[in-house]
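Below is one structure, written out as structure tokens; comments come after it.
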Amino acid sequence: MKKIVMKFGGTSLAAGENFRRMASLVSRYVAQGCKVVAIISALEGVTDRLLEASEEAKRGNLESVYRFKGEITEEHLAAARRSINDKHVREEVAEALRSTVDELEKVLTGIVYVGELTPKSRDYVLSFGERLSTYIAWGTLRDVGLNAQYYTGESVGIVTDSNFGEAKPLLNVTKHQVKSRLEPVLEEGVVPVITGYIAATQDGVTTTLGRGGSDYTATIIGAALGVDEVWIWTSVDGLMTSDPKIVPSAKVIPKISFQEATEMAIFGAKVMHPRALEPAMEENIPVRIRNIFNPENPGTLIVREQMVKPVDVVKAIALVKDVALVNVSGAGMIGAPGTAAKVFGVLGRNDVNILMISQSVSEANISFIIERRSLEKAVNALEIALLGRGLIREVTAEDDVCVVAVVGAGMRGTPGVASRVFSAVARRGINVRMIAQGSSELNISFAVKKSDGEDAVQAIHEEFRLDKS
Ligand code: ASP
Ligand code: MG
């Protein structure tokens, strides 16, 4: 008998029918004798709209609060009507939805009157997406005859720090509380159905785990319960060797290590929350990405590195768009300790996230890649802080670049991988603007002109025959 945490994401629940799909999958495994915990994220797009609604409220737009309330109520009620047949259960869910939306209205109205949106109140607003969708899941599971019980991240015992918007779970307390609350109900044959993404501080103030955080909830709960596997149900077959829109012959990767999957998440293969794998990795719990529309497919299994065939040198290639390259140069930087610290200190204080760094041994320049939307801010801040002090002569930027990230644990200690990567790219006449390889050797990343990005990805995909894997 297996214990499984199953997370159902927004895209897998987009339409009302999909709650039925979710419920029939859960009941299939329960019927086989599995103990299942379900984690539910908000309906597709709802978190983004809550964010917009909170911004509108801050602008003092009371009308928008009422309009939004109407829309969100109707959408969730409609999904409940389509998913739940039993009249009694449906009414109970509708009641829960209405009173939850009433609470949301109060919060948004409060923001209108105060005219201020703090990170704390924003998290409170964002929590409603999961609170609402989880009620529908709860009703649907009961409608198919399961004994389901509704929990929020807080009521199940997930405690975080108060870093609103990206709160960090306090894992020791959390694991202890989750285990002691859920184990007895699982023993009784109950299916706990839990809001993803949201939690609370020790004082009970609502927090969120960062966008896409329902995955994180799933692995936290999985680690606390020591389950056999965590399944992330989504709308694609698994992690792919590359984006099929760029490489039509891209394949699903059947097995990959935690480290490799983490690299891919960092490089924007938006299948998982980047931090979500940590709790699973620590407790050695396999994570499986599966397609709710293709449940016979085993998906991608993410496991400890020792369990992955070492023959695969390169696993996947990602293209990171919307980035910019900044180059800081000046002879004054040569042999001047602390230059890098000054440069990155300025960027850090201005909240500029750095994706990639390289400095040549000549030390006459430092190049780095940032998100394109922070380019202007970064260049201004660097110029104001550093120019004219004898250290740095010039700050230049290019906004028409992209980053190609080649990921695979087999690259470690395998000579010649980099040369194959760059030869493949060179054969297509593509100029490489900047290169970085982390000392983990799990990935090689390089920047090329925006117009060369897809070509470079295809060249490497071909070179390593990833379509044949
Ligand atoms: N609903 C949240 C978001 O859109 C969390 C999640 O989907 O995992 O970011
Ligand atoms: Mg999501």
Side-chain angles (χ1 to χ4, degrees), residues 1-9 12-13 19-41 89 92-93 96 130-131 133-160 169-200 209 213-233 276-288 290 292 295 301-302:
M1 190 166 58
K2 281 194 159 184
K3 245 195 251 175
I4 308 168
V5 168
M6 298 189 187
K7 175 257 178 175
F8 295 88
S12 71
L13 294 173
F19 279 96
R20 297 298 292 183
R21 214 181 277 275
M22 175 279 301
S24 76
L25 281 169
V26 171
S27 73
R28 183 200 294 185
Y29 287 96
V30 169
Q32 289 172 14
C34 296
K35 292 196 188 319
V36 179
V37 178
I39 313 295
I40 309 294
S41 63
V89 176
E92 200 178 342
V93 167
E130 272 70 14
R131 290 170 60 189
S133 64
T134 303
Y135 276 123
I136 306 172
W138 170 64
T140 315
L141 289 169
R142 285 163 62 211
D143 199 50
V144 300
L146 293 169
N147 184 3
Q149 205 160 305
Y150 179 99
Y151 290 90
T152 61
E154 178 182 9
S155 71
V156 86
I158 303 179
V159 182
T160 68
L170 310 176
L171 280 178
N172 286 336
V173 217
T174 297
K175 280 186 189 169
H176 177 76
Q177 298 198 124
V178 169
K179 193 175 154 86
S180 65
R181 289 179 201 181
L182 287 187
E183 247 169 17
V185 297
L186 277 173
E187 279 313 312
E188 285 166 24
V190 168
V191 176
V193 48
I194 307 168
T195 59
Y197 179 53
I198 59 180
L209 303 176
S214 302
D215 298 334
Y216 204 4
T217 305
T219 55
I220 292 165
I221 305 270
L225 295 173
V227 298
D228 296 284
E229 287 190 9
V230 172
W231 293 356
I232 309 288
W233 289 102
L277 290 169
E278 284 168 21
M281 205 174 345
E282 249 165 55
E283 303 285 333
N284 194 16
I285 297 170
V287 175
R288 202 184 277 279
R290 306 193 62 170
I292 193 168
L301 186 64
I302 309 175

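Since the structure is predicted, the reported quantities are computational estimates derived from the model, not experimental observations. Only this structure's heavy atoms are used, side chains among them; waters, hydrogens and symmetry mates stay out. Numbering starts at 1 and runs along the sequence shown.
- In this view, T174 satisfies the side-chain hydrogen bond (donor to acceptor under 3.5 Å, both in side chains) rule with no residue, not counting sequence neighbours.
- The OH atom of Y29 lies 7.0 Å from the CD1 atom of I4; values are rounded to the nearest 0.5 Å.
- Rounding to the nearest 0.5 Å gives a distance of 9.5 Å between CE of M22 and OG of S27.
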Check: residues 183-198 side-chain donor-acceptor pairs under 3.5 Å, at least two apart:
from : atom 1 : to   : atom 2 : distance (Å)
E183 : OE2    : K179 : NZ     : 3.4
T195 : OG1    : G153 : N      : 2.9

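- Using the six-membered ring where Trp is involved, W138 and Y150 have ring planes that are perpendicular, over 60° apart on the 30 and 60° scheme.
- Using a distance-only test at 3.5 Å, with no hydrogens or angles considered, no donor-acceptor pair links the side chain of S155 to the main chain of Y151.
- Rounded to the nearest 0.5 angstrom, I232 CD1 and D215 CG are separated by 4.5 Å.
- In this structure, CG in L171 is found 6.5 Å from CD in E282, a value given to the nearest 0.5 Å.
- By the salt bridge (Lys or Arg N to Asp or Glu O under 4.0 Å) test, R290 is found to be paired with no residue, residues two or more places apart in sequence or in another chain being considered.
- Atoms CZ and OG, from F19 and S133 in turn, are 5.5 Å apart once rounded to the nearest 0.5 Å.
- Looking at K3 and C34, their side chains never come closer than 4.5 Å, going by heavy atoms from C-beta outward.
- Under the 4.5 Å side-chain criterion, counting only non-hydrogen atoms from C-beta, T219 is in contact with Y216.
- Annotation: side-chain contact (heavy atoms from CB on, under 4.5 Å) contacts of R181 (sequence neighbours excluded): Q177.
- Rounding to the nearest 0.5 Å gives a distance of 7.0 Å between CD1 of I40 and CG of L141.
- A side-chain contact (heavy atoms from CB on, under 4.5 Å) with I220 holds for exactly one of L209, L225, I39, V230; it is L209.
- Note on residues 133-146: pairs passing salt bridge (charged side-chain N to carboxylate O under 4.0 Å, His left out), not counting sequence neighbours, are R20-D143, E92-R142.
- Heavy atoms only, all atoms of each residue included: G139 and V93 are closest at CA-CG2, 3.6 Å.
- Partners of E229 by side-chain hydrogen bond (donor to acceptor under 3.5 Å, both in side chains), not counting sequence neighbours, listed by chain and number: W231, R288.
- The shortest non-hydrogen separation linking T140 to A23 is CG2-CB, 3.8 Å.
- Across all non-hydrogen atoms, the minimal contact from A280 to V287 is CB-CG2, 3.6 Å.
- The shortest non-hydrogen separation linking A223 to P279 is CB-O, 3.7 Å.
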